[in-house]
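Heads up, the thing below is written out as structure tokens.
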Amino acid sequence: MEMECLTEFPHTHMDRRPRKRPRLGWDVPASAHEAQIAIFCAQEVGNVTSFAPPDLTNSSIIGKRVVRNGSPPWRDDDKDGHYIFALGENLTSRYKIHSKMGEGTFGQVLECWDKERNEMVAIKIIRSIKKYREAAMIEIDVLEKLARHDKSGINCVQIRSWFDYRNHICIVFEKLGPSLYDFLRKNNYRSFPIDLVRELGRQLLESIAFMHDLRLVHTDLKPENILLSCFSRGSSRSPKDGSYFKRLPKSSAIKVIDFGSATYDRRDHSYIVSTRHYRAPEVILGLGWSHPCDIWSIGCILVELCSGETLFKTHENLEHLAMMERVLGPLPLHMLKRVGYHAEKYIRRGCRLNWPEGATSRESIKAVLKLPRLQNLVMQQVDHSAGDLINLLQGLLRYDPLDRLTAREALRHPFFTRDYHRRS
């Protein structure tokens, strides 16, 4: 049970009428007259309510035991609306902050000890800004829907609970391992073995097929939003040449996270979605998007896992489209003729990409020219099963979203169903 803090004077003649609504301790900012009054904190212990004044360490005394379970002093947020915290203090009386796991435009993620469940959890603390609070409530709705349909919890990260703390929406998740991006980075961007890529790809497609069956589109799939359960620590050095062997995950189990941008499947979505490198062509061209944009992102992710490098490493739309044509061939004429207003400048006379005429620099042209074709890129990285992988990627990375494989169709592809161990 959460701790309630009641402000009372230690005199029997004082007014003890109840407040209009009960207020939790974290609802009450520090008072200017705190030093002139005694604050008594009430906590239920079995059927007994114990009162004791807090000290400077934010503790309460129950019997002769000192229990450090109160909330920290009220603090203002930083200029961007982020919650300010200190390691070792509490986030409500239930969670103790152990470390900061990450930060994004939405807010911060903290690793906390859940005193009720006796386990580590990850708590996403949303910035105290209206638009981010509203987006967080949409994310909670999506997470709760996923949890209702995913009883075993094998597809997507599991929400434990959520609460509103000092004007910050806090979402409590199961704690998982590092992201695929973090693993690649700590492994010096070495590629994964093809059999591991196959297993990771299968799970990722199963997760997205599960979402698409519920008519949900993730819209922001990338290695940063795919978490491993755990990973091996350290790496082994070869005594002969001084090089490092590849680190491999202890488990290939993964879960998809970050549903803050998820939305329900419709054909008329037109706003920009997806992180740049994993953005589908229909999004860039302003043609409207739906669940196939997730499939394109998965294709880009699989190439990255095989090669260790981002497939389309760019920050500009025209260069991005030129990279696509370099790797996959020319964009379809029927798509170029239907581009949205903001994308017309990328097309020359309505029939071809305005490249290299529209390039911003010679370096941009060189960055495009150095990219290999998809088939060559895969053959450079994959020994066995390269043919099946190339064919799968060609289905995932089809320009026209109507022709792109669905997640269910991709799962039936020979890359996942063929027994390669028996063949070898």
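As the structure is a computational prediction, the values presented were derived from the model and not from experiment.
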Query raised in the report: Are R160 and E119 close enough, and set up right, to give a salt bridge (charged side-chain N to carboxylate O under 4.0 Å, His left out), and what steps lead you there?
Result: CA-CA 12 Å; R160 293 275 193 260; E119 65 176 4; 3.0 Å; yes
Report task. Applying side chain to side chain donor-acceptor pair (under 3.5 Å), run through D294 and H218 and close with a yes or a no. Result -> CA-CA 7 Å; D294 283 344; H218 188 282; 5.1 Å; no
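- There is no side-chain donor-acceptor pair under 3.5 Å between D213 and H149.
- One N or O on the side chain of E325 and one on the backbone of L331 form a donor-acceptor pair closer than 3.5 Å.
- H315 and H277 have their aromatic ring centers within a separation under 6.0 angstrom.
- When only modelled atom types and interatomic distance are considered, S385 and D388 share no side-chain donor-acceptor pair under 3.5 Å.
- Around the CG atom of D80, the shell of radius 6.0 Å holds more than 12 heavy atoms that belong to other residues, nucleotides or ligands.
- Environment of NZ in K100: crowded, with over 12 heavy atoms of neighbouring residues, nucleotides or ligands closer than 6.0 Å.
- Using cut-offs of 30° and 60° on the angle between ring planes, the pair Y83 and H168 is perpendicular.
- In the displayed structure, H342 atom NE2 is contacted under 6.0 Å by at most 12 heavy atoms of other residues, nucleotides or ligands.
- The existence of a salt bridge linking E224 and K222 is excluded, since no basic side-chain nitrogen approaches an acidic carboxylate oxygen closer than 4.0 Å.
- Among F163, F85, Y165, the single residue meeting the ring pair (Phe, Tyr, Trp, His ring centres under 6.0 Å) criterion with Y95 is F163.
- Residues N391 and H413 have side chains that bring a donor and an acceptor to within less than 3.5 angstrom of each other.
- Between L393 and the options L374, L405, L377, a side chain to side chain contact (heavy atoms under 4.5 Å, CB included) holds for only L374.
- Donor-acceptor pairing under 3.5 Å is recorded for the side chains of S99 and E111.
- For the pair R198 and F415, the cation-pi test (distance below 6.0 Å, angle within 45°) is passed.
- Between the side chains of S179 and N225, no donor-acceptor pair is found at a separation under 3.5 Å.
- Although no hydrogens or angles enter the test, the distance criterion places a donor-acceptor pair under 3.5 Å between the side chain of S361 and the main chain of S364.
- Closest approach of G329 and R373 over heavy atoms only: N-NH1, 3.2 Å.
- Residue M335 qualifies as enclosed at atom CE: its count of foreign heavy atoms under 6.0 Å is above 12.
- Within 6.0 Å of atom CZ in R185, more than 12 heavy atoms from other residues, nucleotides or ligands are found, so the atom counts as buried in its surroundings.
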Report task. Could you walk me through whether D77 and S128 pass side chain to side chain donor-acceptor pair (under 3.5 Å), step by step? Result -> CA-CA 8 Å; D77 297 329; S128 58; 2.6 Å; yes
